[in-house]
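Quick notes on the structure that follows.
Read the numbers this way: they start at 1 and go in the same order the structure lists the ligands and their atoms.
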Amino acid sequence: MIKDDCIFCKLANGQIPCNFVYENSDVVAFDDLNPQAPIHTLVIPKQHYETLEDVNDKELLAKLMLAVKEVAKIKGAKNGFRTVINTKKEAGQEVFHLHIHVLAGRPMKWPPG
Ligand code: AMP
Ligand code: ZN
């Protein structure tokens, strides 16, 4: 399903022009508008799922993770990368279309804030 008022649905399905870092039949990746690291790309399903809690499709979850690895390779994150999925408000989710952050290009701190 694609949600009419969802910005990531519009980006993923061509209603808003966007340079994809990576695309396959189910997944797209594009750079974050407000990058938190030299490399900051979002990997999302083309279909609308509000949060990780809403996805039970194992194949889709695997495709998302494989796309993360592709993105890290394409972006040249050779010293490592961090993957983040914020799920619901308390975790910091602001856009309610599932997305995986891929961050790289600087040392990362732990624990995250
Ligand atoms: P989260 O807080 O995990 O929901 O992350 C949402 C992310 O989406 C933030 O890092 C935003 O900078 C990013 N974002 C919001 N709108 C856009 C957009 N139109 N294009 C690219 N990234 C966006
Ligand atoms: Zn959506």
Side-chain angles (χ1 to χ4, degrees):
M1 172 205 135
I2 290 163
K3 195 162 173 270
D4 286 342
D5 60 348
C6 170
I7 179 97
F8 282 7
C9 280
K10 287 183 181 162
L11 287 168
N13 296 283
Q15 282 148 277
I16 296 175
C18 180
N19 284 325
F20 294 145
V21 171
Y22 173 81
E23 179 178 18
N24 68 33
S25 55
D26 303 292
V27 174
V28 297
F30 50 84
D31 287 333
D32 197 290
L33 197 60
N34 182 22
Q36 302 301 313
I39 296 167
H40 187 174
T41 300
L42 303 175
V43 174
I44 74 168
K46 287 183 176 177
Q47 296 289 309
H48 184 83
Y49 296 92
E50 278 197 4
T51 79
L52 181 60
E53 284 188 338
D54 302 305
V55 187
N56 295 309
D57 179 343
K58 288 180 190 162
E59 208 165 305
L60 178 61
L61 290 170
K63 283 182 177 173
L64 287 163
M65 281 301 157
L66 291 167
V68 164
K69 294 203 294 175
E70 283 304 316
V71 164
K73 213 181 284 175
I74 290 163
K75 284 293 190 171
K78 52 186 181 307
N79 294 324
F81 58 92
R82 177 166 291 175
T83 19
V84 174
I85 304 175
N86 295 322
T87 301
K88 305 212 282 198
K89 278 249 163 355
E90 190 166 282
Q93 185 172 3
E94 286 179 354
V95 176
F96 282 79
H97 177 128
L98 171 62
H99 51 280
I100 306 176
H101 297 258
V102 181
L103 299 132
R106 65 165 170 82
M108 301 284 162
K109 294 194 177 113
W110 192 263

Determine yes or no for a side-chain-to-main-chain donor-acceptor pair under 3.5 angstrom, with [X] supplying the side chain and [Y] the backbone.
| X | Y | value |
| --- | --- | --- |
| Arg82 | Lys109 | yes |
| Gln36 | Asn34 | yes |
| Arg106 | Ile39 | no |

With only distance considered, is [X] within less than 3.5 Å of ligand 1 through an N or O on each side?
| X | result |
| --- | --- |
| Gly92 | yes |
| Leu33 | yes |
| Asp31 | no |
| Gln93 | no |

Under a 4.0 Å threshold between the charged nitrogen and the carboxylate oxygen, would [Y] count as salt-bridged to [X]?
| X | Y | result |
| --- | --- | --- |
| Lys88 | Glu53 | yes |
| Asp5 | Lys10 | no |
| Asp26 | Lys46 | no |
| Glu50 | Lys3 | no |

Could you tell me, atom by atom, which parts of ligand 1 come under 4.0 Å of a heavy atom of [X]?
| X | value |
| --- | --- |
| Asn86 | 1 (P), 2 (O), 3 (O) |
| Asn34 | 12 (O) |
| His101 | 1 (P), 3 (O), 5 (O), 7 (C), 10 (O) |

Would you mind checking which non-hydrogen protein atom is closest to [atom], with the distance to 0.1 Å?
| atom | result |
| --- | --- |
| atom 4 (O) of ligand 1 | Glu94 N, 2.6 Å |
| atom 15 (C) of ligand 1 | Val95 CG2, 4.1 Å |
| atom 5 (O) of ligand 1 | His99 NE2, 3.0 Å |
| atom 10 (O) of ligand 1 | Asp32 OD2, 2.5 Å |

Exercise. Where does Gln36 meet ligand 1, judged by heavy-atom distances below 4.0 Å: at the side chain, the backbone, both, or neither?
Worked result: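 Near ligand 1, Gln36 shows nothing, with every heavy atom at 4.0 Å or more.
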Seminar exercise, completed: Quick look: Phe96 vs ligand 1, heavy-atom contacts under 4.0 Å, and the answer is neither
Exercise. Can you tell me the N, O or S atom of His48 that's nearest the Zn ion (ligand 2)?
Worked result: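 Minimum-distance N/O/S atom of His48 relative to the Zn ion (ligand 2) is ND1.
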Exercise. According to the interplanar angle, ranging from 0 to 90°, do the rings of His97 and Phe8 count as parallel (below 30°), tilted (30 to 60°) or perpendicular (above 60°)?
Worked result: perpendicular
Exercise. Given ND1 of His97 on one side and SG of Cys6 on the other, what angle do they make at the Zn ion (ligand 2), to 10°?
Worked result: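 With the Zn ion (ligand 2) as the vertex, the angle is close to 110°.
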Problem set entry | Full working for side-chain contact (heavy atoms from CB on, under 4.5 Å) between Val28 and Tyr22 | CA-CA 6 Å; Val28 297; Tyr22 173 81; over 6 Å; no
For this session: Please step through side-chain contact (heavy atoms from CB on, under 4.5 Å) for the pair Phe30 and Asn19, ending with a clear verdict.
Result: CA-CA 6 Å; Phe30 50 84; Asn19 284 325; over 6 Å; no
